[in-house]
Amino acid sequence: MAVAFADGSGTDARYVVGCDGAHSRVRKLLGVTFDGETEAEQQMVCGDVEITPGVLDRDVWHQWFDEDGAVMLCPIPGTRTGWWYQSGPERDAEGRALAPSLEGFRRLFARHTRLPAGHLTGAALLSTYRVNVRMADRYRVGRVLLAGDATHVHAIAGGLGMNTGIQDAFNLGWKLAQVLRGRAGDELLDTYEEERLPVAAWTLDLTSERLRATLEAIRKPGGGLDTAVTPSTTGLDRGYRWSSLARPGGHGGVRSGDRAPDAPCADAGTGAPTRLFRVLAGPHITVLGFGPGTEHTLREAAAAHGDTVRTVRVYDAGNTPEAPLPGALHDRDGHARTAYGVAGDTVVVIRPDNHVGLISDADGHGAALRYLDVLDGAREADRMWGGRHGGRHRQRLIECPDGDRPGGHAARSVA
């Protein structure tokens with residue numbers, strides 16, 4: 001596929017990923033819709049400002065709210081006097097918002113903080129922010145994919161924008177790498193939209209609700225931006241249980257498609273303390289084997305998949321042999337078993353993006369190996385999907401249980 005750049009240069013590429021923001025040129029060229037709404041009256045003026053040293057404590061984020069508006073100042077790390085500035089805009093006699101300016105920032109600063117305007121000594125990178133709540137109806141058109149703000153924009157409440165974009169890239173990155181290496185069929189890329197579009201819809205709904213809650217809270221004494229933060233805004237409880245890559249099964253509270261839990265453990269060979277997340281980190285697929293009955297599966301997985309798959313035997317307390325398997329872990333206090341809710345011999349396959357793909361008892365030896373072939377074997381992947389393309393996988397989002405799939409915007413977007 002030939003790609004032409006704005007400067008007249010070009011290149012050939014097998015795939016193109018448009019990460020070019022909310023005004024994405026790539027998305028527009030593809031004809032992908034970006035449905036939603038813009039709240040024109042919900043505006044902020046923003047910029048980087050300089051504040052006289054010593055006037056404000058640089059260890060905290062300052063915020064002033066009153067019936068006329070607000071000013072928020074966050075210290076910029078690595079500077080003595082730099083602050084990130086946010087405020088409601090100045091308005092003219094007819095109530096129209098005015099463009100941001102140094103003098104306007106000074107007037108707003110003095111009005112809301114009751115500090116002398118002259119303490120705000122400079123302003124740069126001035127901009128106006130308007131609340132947009134929009135998402136793309138597709139993440140893939142043939143060999144072109146979209147990610148980040150090119151696929152979803154939403155209220156800033158909860159601070160989920162950057163995290164959501166990074167998670168898009170993490171989800172797509174390992175799948176694209178497998179396809180480019182010939183280790184998976186092209187259809188694996190369809191699961192990117194299948195998994196990430198519902199998460200974007202959930203994010204739009206959550207951030208809109210958190211914005212409403214915050215605007216209500218700041219009207220009362222003591223209310224502030226902390227209202228936007230809830231356990232859900234961490235995003236750590238989001239998984240892909242509805243995905244065609246998630247196999248039925250699981251133990252305790254962890255199921256296929258969930259984010260893989262962490263746990264403290266030790267290197268079985270040296271006794272040095274470590275954590276599961278250190279073992280999972282990297283571009284590989286991880287296979288955890290709990291119990292002696294899993295060792296056959298671990299050996300076959302390593303032989304069939306080489307360095308694409310990292311196999312890890314997890315020994316229980318008191319059961320570590322004198323010569324443990326290479327790379328093995330010692331689950332001294334049972335934290336790993338507890339985290340995954342496993343009791344007997346169990347195999348856990350974890351994707352490169354740290355989501356659980358499969359949890360299988362040791363007698364499901366064949367199921368674990370077949371699943372690894374789906375993630376790391378193009379011929380098996382072709383048989384799994386049957387060569388299907390297009391929108392069929394999007395219908396799956398509507399059919400899966402409500403408890404497993406985020407609702408709201410997703411249902412409207414994929415129907």
Side-chain angles (χ1 to χ4, degrees), residues 174 177-178 181 183 236 245-377 380:
W174 73 269
Q178 287 293 88
R181 294 175 63 202
R183 309 289 299 195
L236 296 178
L245 292 180
R247 294 294 179 266
H251 299 266
V254 178
R255 291 170 54 187
S256 298
D258 289 353
R259 191 180 296 270
D262 189 20
C265 45
D267 184 292
T270 66
T274 188
R275 306 192 67 86
L276 283 181
F277 275 2
R278 292 178 183 168
V279 174
L280 303 182
H284 55 272
I285 301 161
T286 304
V287 184
L288 302 178
F290 294 89
T294 66
E295 293 184 5
H296 177 56
T297 301
L298 297 180
R299 285 194 297 270
E300 287 205 20
H305 298 277
D307 60 3
T308 306
V309 171
R310 178 177 294 177
T311 58
V312 181
R313 173 72 163 89
V314 184
Y315 296 104
D316 298 328
N319 292 322
T320 303
E322 291 185 4
L325 293 176
L329 298 175
H330 186 190
D331 188 21
R332 291 170 175 166
D333 300 311
H335 292 304
R337 275 192 176 272
T338 300
Y340 287 84
V342 300
D345 292 349
T346 303
V347 174
V348 180
V349 179
I350 301 172
R351 303 167 10 169
D353 58 355
N354 287 19
H355 282 78
V356 176
L358 173 139
I359 301 177
S360 175
D361 295 334
D363 57 8
H365 165 80
L369 295 178
R370 287 192 298 272
Y371 182 71
L372 286 173
D373 284 338
V374 169
L375 300 186
D376 187 54
E380 288 294 335

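Contact between Leu288 and Leu298 at its shortest, heavy atoms only, is C-CD2, 4.5 Å. Residues Ala260 and Phe277 approach most closely at O-CE1, 3.3 Å, considering heavy atoms. Closest non-hydrogen pair, Phe290 versus Ala336, comes out as CE2-CB, 3.9 Å. The two residues Ser256 and Ala246 have their closest heavy-atom pair at O-CB, 3.7 Å.
His296 is linked by a ring pair (Phe, Tyr, Trp, His ring centres under 6.0 Å) to His365, counting only residues two or more places apart in sequence or in another chain. Shown here are the side chain to side chain contact (heavy atoms under 4.5 Å, CB included) partners of Ala266, two or more places apart in sequence or in another chain: His330, Arg332. Legend: residues meeting side chain to side chain contact (heavy atoms under 4.5 Å, CB included) with Pro324, ordered by chain and number and at least two apart, are Ala268, Tyr315, Thr320, Pro321, Ala328. Here Asp316 pairs with Arg337 under the salt bridge (Lys or Arg N to Asp or Glu O under 4.0 Å) rule; sequence neighbours left out.
Sorted by first and then second residue, the pairs that involve residues 257-267 and meet salt bridge (charged side-chain N to carboxylate O under 4.0 Å, His left out), not counting sequence neighbours, are Arg241-Asp258, Asp262-Arg275. Among residue pairs with one or both ends in residues 341-350, none qualify as salt bridge (charged side-chain N to carboxylate O under 4.0 Å, His left out); sequence neighbours excluded. Sorted by first then second residue, the salt bridge (charged side-chain N to carboxylate O under 4.0 Å, His left out) pairs that include residues 288-310, not counting sequence neighbours, are Glu295-Arg313.
For the atom pair CG (Asp373) and NE2 (His305), the distance works out to 4.5 Å, reported to the nearest 0.5 Å.
At a threshold of 4.5 Å between non-hydrogen side-chain atoms, the residues Cys265 and Val314 do not count as touching. Here the side chains of His355 and Leu245 are not in contact, with every heavy-atom distance at 4.5 Å or above. The shortest distance between side-chain heavy atoms of Arg183 and Leu375 does not fall below 4.5 Å.
When atom types are taken as modelled, the side chain of Thr308 and the backbone of Gly306 share no donor-acceptor pair closer than 3.5 angstrom.
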**OP:** Give the intermediate values and the outcome of side-chain contact (heavy atoms from CB on, under 4.5 Å) for residues Ile350 and Tyr340.
**Re:** CA-CA 12 Å; Ile350 301 172; Tyr340 287 84; 3.5 Å; yes
Contacts table for residues 278-286: side-chain donor-acceptor under 3.5 angstrom, sequence neighbours left out:
| residue | atom | partner | partner atom | Å |
| --- | --- | --- | --- | --- |
| His284 | NE2 | Val279 | O | 3.0 |
| His284 | NE2 | Thr286 | OG1 | 3.4 |

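For the side chain to side chain contact (heavy atoms under 4.5 Å, CB included) with Leu372, the lone residue among Val347, Thr297, Val287 that qualifies is Val287.
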